Amino acid sequence: MKIIKMLVEQIEDEARGAEEYAKLAMQYKDEDKLLADNYAKMAEVELQHVDLLHAQVVRIIKAWEAKGNTAPPEMTAIWQWEHGKAVDHIARVRVMLNMYAGR
C-alpha cells in the first residue's frame with residue numbers, strides 16, 4: 001500500500017528530526033540551557049508526530065484487515081523490519097532525552 005510506505009517514510013523523517021534536536025539539546029545543555037531546553041521540547045514534539053503517524057498506520061492496517069484482506073508474507077516481513085527499525089531509533093532518541101533531563 002502506497003499510503004503505508006508514505007507514512008513509514010514520514011515516521012523515519014520525524015524520528016531523524018527528533019534525534020537531531022535531542023543531540024543539539026545535549027550539545028548545548030551546559031553552554032546555553034534555554035536553547036538546549038527548546039531543542040529538547042522540539043525533539044518531544046517530533047516524537048509526538050511519530051506517535052500520531054504510527055497510530056494512522058495501525059488504523060489503516062486494521063481497517064484493511066477488517067475487510068477480510070490478508071497481507072502477503074513479504075509485505076508483513078517488510079513492515080515488521082521497518083517497524084523494528086523505527087522502534088529502535090525512537091528508543092535511542094528517548095534515551096538521549098532522558099539523559100538530558102537527568103533521568
Side-chain angles (χ1 to χ4, degrees):
M1 299 172 105
K2 289 181 183 181
I3 189 75
I4 300 297
K5 179 181 183 278
M6 180 187 71
L7 290 167
V8 167
E9 289 171 351
Q10 289 174 336
I11 287 169
E12 187 54 33
D13 287 344
E14 298 291 337
R16 275 193 301 272
E19 181 178 24
E20 179 180 341
Y21 292 140
K23 285 179 180 178
L24 288 166
M26 293 295 290
Q27 178 180 338
Y28 289 104
K29 183 177 183 177
D30 296 327
E31 183 179 329
D32 188 337
K33 183 75 167 120
L34 184 56
L35 178 60
D37 285 347
N38 278 298
Y39 278 129
K41 288 177 189 173
M42 292 164 67
E44 291 289 352
V45 169
E46 297 292 295
L47 292 177
Q48 290 172 1
H49 296 166
V50 167
D51 291 341
L52 291 169
L53 292 166
H54 182 266
Q56 292 308 302
V57 171
V58 171
R59 179 189 63 80
I60 291 167
I61 290 171
K62 285 184 180 181
W64 190 72
E65 289 173 343
K67 293 179 181 176
N69 298 308
T70 305
E74 298 84 6
M75 181 187 273
T76 301
I78 291 169
W79 165 247
Q80 289 172 345
W81 181 70
E82 288 291 343
H83 187 259
K85 279 188 353 184
V87 167
D88 288 346
H89 192 177
I90 293 158
R92 289 191 311 273
V93 173
R94 291 194 191 280
V95 166
M96 277 192 279
L97 289 173
N98 285 335
M99 288 173 52
Y100 176 78
R103 294 180 247 162

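Side chains are part of it too, since the values below use all heavy atoms of this structure and drop only hydrogens, waters and symmetry mates. All of these numbers come straight from a predicted model, not from anything done at the bench.
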message: Let me check something: do Met42 and Tyr100 share a hydrophobic cluster, defined by ILVMFWY side-chain heavy atoms less than 4.5 Å apart, either directly or through other members?
response: no
message: Closer than 4.0 angstrom, basic N to acidic O: yes or no for Asp88 and Arg94?
response: no
- prompt: Roughly how far, to the nearest 0.5 Å, is the OH atom of Tyr28 from the CG atom of Leu35?
  reply: 6.5 Å
task: Of all the heavy-atom pairs spanning His89 and Glu19, show the shortest one and how long it is.
output: NE2-OE1, 2.8 Å
message: Applying a strict under-4.5 Å side-chain criterion to I, L, V, M, F, W and Y, I'd like to know whether Met6 and Trp79 cluster together.
response: yes
query: Are Ile4 and Leu53 linked, directly or through other ILVMFWY residues, by side chains that come within less than 4.5 angstrom of each other?
result: yes
task: Write down the atom of Ala43, the atom of Ala18, and the distance for their closest heavy-atom approach.
output: CB-O, 3.5 Å
Side-chain ion pair, Arg16 and Glu20, N-O less than 4.0 Å: no
field: More than 12 heavy atoms of other groups within 6.0 Å of Lys33 NZ
entry: yes
Shared hydrophobic cluster, Met99 / Leu24 (ILVMFWY, side-chain heavy atoms < 4.5 Å): no
- prompt: Would Tyr21 and Asn38 count as having a side-chain donor-acceptor pair, cut-off 3.5 Å?
  reply: no
query: Does any non-hydrogen side-chain atom of Ile11 lie less than 4.5 Å from one of His54?
result: yes
field: Nearest-0.5 Å distance that lies between atom CD in Gln27 and atom CG in Asp32
entry: 11.0 Å
- prompt: Looking only at heavy atoms, what is the nearest atom pair of Asn69 and Trp64, with distance?
  reply: ND2-O, 2.9 Å
message: Would you say Leu52 ends up clustered with Val57 if hydrophobic residues are merged whenever their side chains have heavy atoms under 4.5 Å apart, either directly or through other cluster members?
response: no
message: Return the CZ to NZ distance between Arg59 and Lys62, rounded to the nearest 0.5 Å.
response: 11.5 Å
field: Gap separating the CG atom of Asp51 from the CD atom of Glu14, nearest 0.5 angstrom
entry: 10.5 Å
query: Considering only heavy atoms from C-beta outward, does the side chain of Val50 approach that of Val93 to under 4.5 Å?
result: no
task: Could you grab the distance from atom CG of Asp13 to atom CG of Leu7, nearest 0.5 Å is fine?
output: 11.5 Å
message: Do the side chains of Lys85 and Glu82 get close enough for a salt bridge, i.e. N-O under 4.0 angstrom?
response: yes
query: Do Arg92 and Val95 have side chains that get closer than 4.5 Å, going by heavy atoms?
result: no
task: Take atom NZ of Lys29 as the centre, draw a 6.0 Å sphere, and report whether it contains more than 12 heavy atoms from other residues, nucleotides or ligands.
output: yes
